[in-house]
Amino acid sequence: MSINLENVSYVYMPGTPFERQALKNVSLEIPEGRITAIAGHTGSGKSTLIQQLNGLLKPSDGVVEVDGININEDTVTARMAKRLVGMVFQYAEHQLFEETVEKDIAFGPRNMGLSEEEIQARVREAMNFVNLDYDTYAKRSPFQLSGGQMRRAAIAGIIAMKPKYLVLDEPVAGLDPRGREDLLRKIKALHDKQGITIIFISHNMEDIARLADKVIIMKQGELLLEGAPEEVFEESEVILSAGLMAPKMSLIIESLKTAGMDIEGSAYTIQKGVSLIQDALRRKEKCLQK
Amino acid sequence: MLTEMTLGQFMPGASLLHRMDPRVKIILLFLYVVAIFLMDGHGSYALMTAVTLGLILMSGLSVIMILKSVRPIMWIILFTFIIHLFSTPGEEIAKILAFTMTWEGLDRGFLISLRLILLITASSLLMYTTSPLALTDALEDILKPLKKVGFPAHELAMMMTIALRFIPTLIEETDKIMKAQQCRGTDFSSGSLIRRAKMLVPILVPLFISAFRRADDLAIAMEARCYRGGTGRTRMKRLKVGKLDYYCIACFAVLLSGLAALTYLGI
Ligand SMILES: Nc1ncnc2c1ncn2[C@@H]1O[C@H](COP(=O)(O)OP(=O)(O)OP(=O)(O)O)[C@@H](O)[C@H]1O
Ligand SMILES: [Mg+2]
């Protein structure tokens, strides 16, 4: 099971002087049970792309399938399929509106028509998950929280709906380093512990390198690269042409290789990179001893 | 969705109408509207319809788009038409219950509806071809003489500029918030009236909060740049009445005299 896009194009405001093609013939697969990262220069169509995934925007052309069901058909199954995809928007904290954090998180589950006990349980679980202490924060107004806490409360509101696919648009934008770290770890845990398929947009290649099983790079509305991180990050030139930088570690490894160091394979995370360099050094030492 | 709305929105272009001085445009439009109100007789209507159509074609905008601006008041037009159709005394066409349709009524209703349509299309033509900024600048300039009697022309224009500037931003914001709440299971298109009204809360609360935040930020930004009201302010882009404008004024004068002649002759 997966989310599939086939030749999806999207045009904003067709038929006016402001017409703008934001997606051009994008075909891709988002596999279930993985973490997929989407990167691209600003305005490359990332947000437009993810809004196709649960029917918020209907493609001008092409087909979007969730678990094999075309979500833009007007059927009950299509509506059910859309609900499998939860979406956390950029600056998600701007959607908070209830009097208390608890009520706000319960809003989604309540709309799903769950029982009161189930809602309670889900709210607790979701708050617990994003590190908001239930007893401290449940009865507070969401507007009395810090920015990072608000963001987490908003994310909890989506998690409480238990989507099968969770899409996050720049989840850590505007957070301090510690808040970023916390939130990214939470997202990873969501995948590891609850088996939720994650799709996230990020500008930070280090974050992508650390988390993603699959990387998608967009450029001016077109799919530029798609594949496993190690394949994608090999193409540092292409990535550069999209206005992005490959992770620093893969750049370091590459320049060490061109400088003549005998490194086998490639690496894009710091740990892997360090061990590759150590291996190379060890080999060199052995050579010298001989 | 919402962002695709084009009601009264500026469409950039380079036509004659786009290049005219906005003050001249506003004043001419004002006179045009007065003329439409005062004119009478089929000849005048035909002339004004032709001129309005000509202006639309000249603006380089799609005729359909301009005609769409009539849609919000379509019901009013229809209502007016029907009232006239049935309430004007004259030769009978048909009778429905106690009401009689008359040929005279048909004629009057048609003319009045046409008048309303002309009014709306002419005004929307101004909105479509003039950027909001130029529009408020022009208004400020036109209202400047009233400053002497304490009328806050500059402040009013600044307020309007800000309001206009933020309409698209707020529409975009509403769109975003609606989408976000849609993802949390809000359904705006079904349910009872009360249910739907309730569904507005999750949109309005975040919208107001963000509007206040924006207002706050803007006020600070303005103060940081030493904004202190209109006195002594100069402009980077000064409005200037040019040859083109005199040409348009001349054409307009000819049109008015033509109308006056037609009305005088009772055509
Ligand atoms: N509501 C809209 N109306 C018209 N054009 C839009 C709209 N939203 C986005 N666009 C245009 O579509 C293109 C893609 O926008 P999109 O928001 O998908 O970019 P993005 O990759 O998410 O960028 P960022 O990294 O800045 O969030 C941009 O050129 C943008 O100007
Ligand atoms: Mg975006």
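Throughout, a chain's letter reflects where its sequence line sits, starting with A, and its residues are numbered from 1.
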Study note, to complete from the structure: Heaviest contributor of heavy-atom pairs below 4.5 Å to chain B, chosen from E98(A), M112(A), Q51(A), R83(A), is Q51(A)
**Study point:** Within-4.5 Å side-chain heavy-atom neighbours: P206(B) and L96(A)
**Key:** no
Exercise for review: Could you please state which residues from residues 30-49 of chain A sit under 4.5 angstrom from chain B, measuring non-hydrogen atom to non-hydrogen atom, sorted by number, or 'none'?
Suggested key: none
Review point. Do I177(B) and H94(A) come within less than 4.5 Å of each other through their side chains, counting heavy atoms only?
Key: no
Review point. Between D169(A) and K176(B), does a salt bridge (Lys or Arg N to Asp or Glu O under 4.0 Å) hold up when you go through it step by step?
Key: CA-CA 12 Å; D169(A) 194 346; K176(B) 245 188 234 160; over 6 Å; no
Exercise for review: For side chain to side chain contact (heavy atoms under 4.5 Å, CB included), just list the numbers for N111(A) and M199(B), CA-CA rounded to whole Å, side-chain angles, deciding distance to a tenth of an Å, and then say yes or no.
Suggested key: CA-CA 11 Å; N111(A) 282 332; M199(B) 283 304 167; 4.1 Å; yes
Check your understanding: According to the ring-ring contact (aromatic ring centres under 6.0 Å, His included) rule, which pairs have a member within residues 101-127 of chain A, sequence neighbours left out?
Key -> F97(A)-F107(A)
**Study point:** Sub-4.5 Å side-chain heavy-atom contact between Q182(B) and L56(A)
**Key:** yes
Point to revise | Contact class of S62(B) relative to chain A, heavy atoms under 4.5 angstrom | key: neither
Practice item. Decide side chain to side chain contact (heavy atoms under 4.5 Å, CB included) for D104(A) and R184(B); before the verdict, give the C-alpha distance in whole Å, the side-chain angles of both, and the deciding distance to 0.1 Å. Key: CA-CA 10 Å; D104(A) 206 286; R184(B) 300 168 79 193; 2.6 Å; yes
Point to revise | Side chain to side chain, M87(A) and K179(B), heavy atoms closer than 4.5 Å | key: no
Review point. So, for F10(B) and F18(A), which heavy atoms are closest and what is the spacing to 0.1 Å?
Key: O-CZ, 3.4 Å
Exercise for review: Taking heavy atoms only and a threshold strictly under 4.5 Å, list by residue number the residues of residues 208-216 of chain B that touch chain A; give 'none' if the list is empty.
Suggested key: I209(B), R213(B)
Check your understanding: By number, which residues in residues 59-73 of chain A have some heavy atom less than 4.5 Å away from chain B?
Key -> none
